[in-house]
Amino acid sequence: MTTLAPPPAPVQEDGRRHRAAPPADGGLASRARRLFTGAPEDPRWARPALWAILVLATALYAWNLSSITGNTFYDAAVYSGTKSWKAFFFGALDSGSFITVDKPPFALWVMGLSARAFGYGTWQLMLPMVAVGTGSVALLHRLVKRDFGAVAATISALALTLTPITVAITRDTNPDPILVFLMLLGAAALLKSVRTGRLMPLVWSGVAIGFAFNTKMMQAYVVLPAFFLVYLWAANASLGKRIRNLAVGTVALVVSSAWWMVVVDLIPASSRPYIGGSTDNTVWDLVIGYNGFGRIFGASSSVGSQGNGASFGGEAGLYRMFNDIMGGQISWLIPFAAIALVAGLVLRGRAPRTDAKRAALMLWGGWFVLHYLTFALAEGTFHPYYVTAMAPGIAAVAGAGGVMLYNAFRKGSAAKWGWVLPAAVAASSVWAVVLLQRVSGSGTLYTVAEIVAGVAGAAAVIGLLVGRFTKRQQLMGVAALAAVVALLAGPAAYSASAAASSTNGTNPTAGPNTGGGMGGGQRPSGTNGGPGTNSGEAPSGSGDGQEMGQPPSNTGDSTESDSTETGTTESGTTGSGSTESGTAESGSAEELTGGGMGGGTQVSSAMITYLKKNQDGASWLVAVATDQTASSIILESGEPVISMGGWSGSDNAMTLAKLKSLVKAGKLHYIVVGDSGQGSSNSEISTWVKANGTAVSDYSGLYRLDASDVS
């Protein structure tokens, strides 16, 4: 009887064979096996490598999770959302829904649902961040692997995992990790629509970016020019169909972006919170001003009047990503990625219009370049952690373009391609050494990383050149691995320091302190990091293990939104907040410093105890000047607190007429005012309160008001 031999395993581009496909039994055991070993056509090492990277990502993002100090501004809003569904929907800072935070609420919803399900506490708020951070790594791996193979996908996933600023911000409660994950979902759907020419994936891409808009507004739209160009150029459909599909996808984008804004702005102002950060109490003004053009152009008489140029990442300019503050956070792979992007596009130059590799390279390259230009040139408020949105583009281009360069290096002519890959490796290796030299003396970790980057980089360049011109394939492969080590040694050191820090707060960064000064060329003092930072002990009562609805106790650190600060900061915090434009006040960690109308009045734990004892059925415990003071009191007391002036103290959220109405109705009894107000309406309020209220002698700046005090 004649038997037939199984067909040979398929051969990859580099000549190696994939493992033969196992018999398909279609059962649960087969699917479980594929989960851990990968598809039959994958190399044997590919799936275990992915699992190792995902474990590494989870470890970096979740290490010592319960001790992480997040952004108490957002933490307070999440807590308030667990007490009131109205506050949850609007993204209000307080459960009484007096004022919203200065961002749309989707990230707060995600954290809030976790807190409602598992109870309010540190790990409950951090759980979604770790999940989306690791999910972004897995999703990027899947997207790159489909078009460029397992090697490129593995490099890209590892590069994203070890991006220092991504590690730092994922260990925080700022909304950026959720923004990145949603943008990657949009990219996945877009690429599927490009390959198939079908409409629905494009619609879902628009929906994903719409949800990203409801996470951080206009920042979600930075990738849109690349999305539109890639689809219009490369989609597998006729030009007419491409245009029609884009029109429908744009409608989906607009609807999914605008629905919350439209609903909120249609609700009468008397029935909803004041929109924090806006100048006219509308979400639309927040979109085009404070969270839109204000971030790009800075102060303006028409729009963006509160985006007045406070930069915690150095001066605006093309060099910003390479300065002392930003360099160690994001720039390690930029030289390599830039060369790989140009070379990759040249290599695919004669491919058909619908070529999937070129389309993907255009998408990731556009993602990288658009974010780079936006963040480098932005003259409005800028925090280093914004650039985590650029990391997937850099990582994908480095992985995909790097593999394309390697294949061209092995197979192309020496005259055309014999120097490009070694030059790209040399450029980023030298830059890594420069970055690590900047923090020389900050610790053994960085010294070791500098030696590894220098030695491995030199070995990689020499090995590539010798292997190429002696035609020794194995030597070139070893040199390529050395290149990966050289390019990721520095980011790995910075990421390890970020993972070891529990004091991220409001301006999280990775690595050692490189100086201070807002708006200058150095990293702000007081930021978290590894050796050389001023990080102190994490505050007690961080929220871990609290029952649902119970806020953490003694979380008295004053926090920042990603906006300009005009108040004061306390030296008794963990040191994770960035330098503010005001002065620093000494005091214990229990003291909550007020700015604006508060005029520097300190709200102590003793005062909070007094306020709770004498609340007398009022809806709000107290009214204070700014969000940072209010959020700290909310987390310590568990009670609603009014922020009269929003983040900077300049919002027109509280008027004298509104204050009188609240006092007359018995909804508010106590208000903190200082010696001078900030803005005419605040001065008017301060004057009226001092004239009609009763000063509480034990606490300077605290006044009691009752209905009888309102004429």
Side-chain angles (χ1 to χ4, degrees), residues 13-16 148-149 151-152 154-156 158-160 162-164 321-322 327-328 330-347 361 365 368 394-440 445-495:
E13 287 185 4
D14 59 6
R16 294 182 290 111
F148 299 98
V151 174
T154 302
I155 295 171
S156 297
L158 186 59
L160 180 59
L162 294 178
T163 299
M321 295 301 110
F322 299 93
I330 192 66
S331 72
W332 304 88
L333 293 177
I334 286 179
F336 183 88
I339 296 172
L341 174 61
V342 174
L345 291 174
V346 171
L347 286 167
L361 202 59
F368 161 37
I394 295 175
V397 170
V403 168
M404 293 175 69
L405 272 181
Y406 179 74
N407 289 332
F409 178 77
R410 286 193 310 110
K411 299 177 181 178
S413 67
K416 288 184 177 181
W417 296 104
W419 60 272
V420 182
L421 179 61
V425 173
S428 270
S429 297
V430 170
W431 178 240
V433 172
V434 171
L435 287 173
L436 291 163
Q437 273 287 310
R438 289 179 178 177
V439 296
S440 178
L445 180 66
Y446 305 102
T447 301
V448 171
E450 182 180 351
I451 294 172
V452 170
V455 173
V461 172
I462 295 171
L464 286 170
L465 292 173
V466 171
R468 175 66 175 82
F469 293 105
T470 60
K471 302 186 183 303
R472 297 176 63 181
Q473 299 285 333
Q474 188 173 10
L475 178 58
M476 285 191 287
V478 172
L481 288 176
V484 173
V485 172
L487 270 53
L488 295 181
Y494 269 64
S495 295

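Not measured: the values here are computed from a predicted model. The first residue of the sequence shown is numbered 1, and numbering continues consecutively from there.
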Using every non-hydrogen atom in the two residues, find where [X] and [Y] come nearest and quote the distance to one decimal.
{"X": "G399", "Y": "A152", "value": "O-CB, 3.4 Å"}
{"X": "L361", "Y": "G344", "value": "CD2-C, 3.3 Å"}
{"X": "A453", "Y": "L436", "value": "CB-CD1, 4.4 Å"}
{"X": "L464", "Y": "A480", "value": "CD2-N, 4.3 Å"}
{"X": "A340", "Y": "G402", "value": "CB-N, 4.1 Å"}
{"X": "A489", "Y": "A449", "value": "O-CB, 3.8 Å"}

For I339, the option from V420, V397, L421 that meets side chain to side chain contact (heavy atoms under 4.5 Å, CB included):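 With I339 as partner, side chain to side chain contact (heavy atoms under 4.5 Å, CB included) holds for just one option, V420.
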
task: Identify which one of T163, I155, L333 satisfies the side chain to side chain contact (heavy atoms under 4.5 Å, CB included) criterion when paired with L488.
output: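 Among T163, I155, L333, the one meeting side chain to side chain contact (heavy atoms under 4.5 Å, CB included) with L488 is L333.
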
With heavy-atom distances below 4.5 Å as the criterion, would you say the side chains of [X] and [Y] are in contact?
{"X": "Y446", "Y": "V439", "value": "yes"}
{"X": "P164", "Y": "I330", "value": "no"}
{"X": "T447", "Y": "I451", "value": "yes"}

task: State whether the side chain of S429 and the backbone N or O of G454 hold a donor-acceptor pair below 3.5 Å, judged by distance alone.
output: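 No, the answer is negative, given that no donor and acceptor are paired below the 3.5 Å cut-off.
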
message: Under the criterion side chain to side chain contact (heavy atoms under 4.5 Å, CB included), I'd like the reasoning laid out for L465 against V461: C-alpha separation, chi angles, the key distance, then a yes or no.
response: CA-CA 6 Å; L465 292 173; V461 172; 4.1 Å; yes

Within this structure, what is the [atom1]-[atom2] distance for the pair [X] and [Y], rounded to the nearest 0.5 Å?
{"X": "R438", "Y": "E450", "atom1": "CZ", "atom2": "CD", "result": "12.5 Å"}
{"X": "L475", "Y": "I462", "atom1": "CG", "atom2": "CD1", "result": "10.5 Å"}
{"X": "R410", "Y": "Q473", "atom1": "CZ", "atom2": "CD", "result": "5.0 Å"}
{"X": "L347", "Y": "M404", "atom1": "CG", "atom2": "CE", "result": "5.0 Å"}
{"X": "I394", "Y": "S156", "atom1": "CD1", "atom2": "OG", "result": "11.5 Å"}

- prompt: Do F409 and W419 have ring centres separated by under 6.0 Å?
  reply: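 No - the distance between ring centres of F409 and W419 does not fall below the 6.0 Å cut-off.
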
task: Compute the centroid of each ring, for F336 and then for W431, and state whether the two points are separated by less than 6.0 Å.
output: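 Not close enough - the centres of the two rings lie 6.0 Å or further apart.
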
- prompt: F368 and I334: side chain to side chain contact (heavy atoms under 4.5 Å, CB included), yes or no, with the steps?
  reply: CA-CA 9 Å; F368 161 37; I334 286 179; 4.1 Å; yes

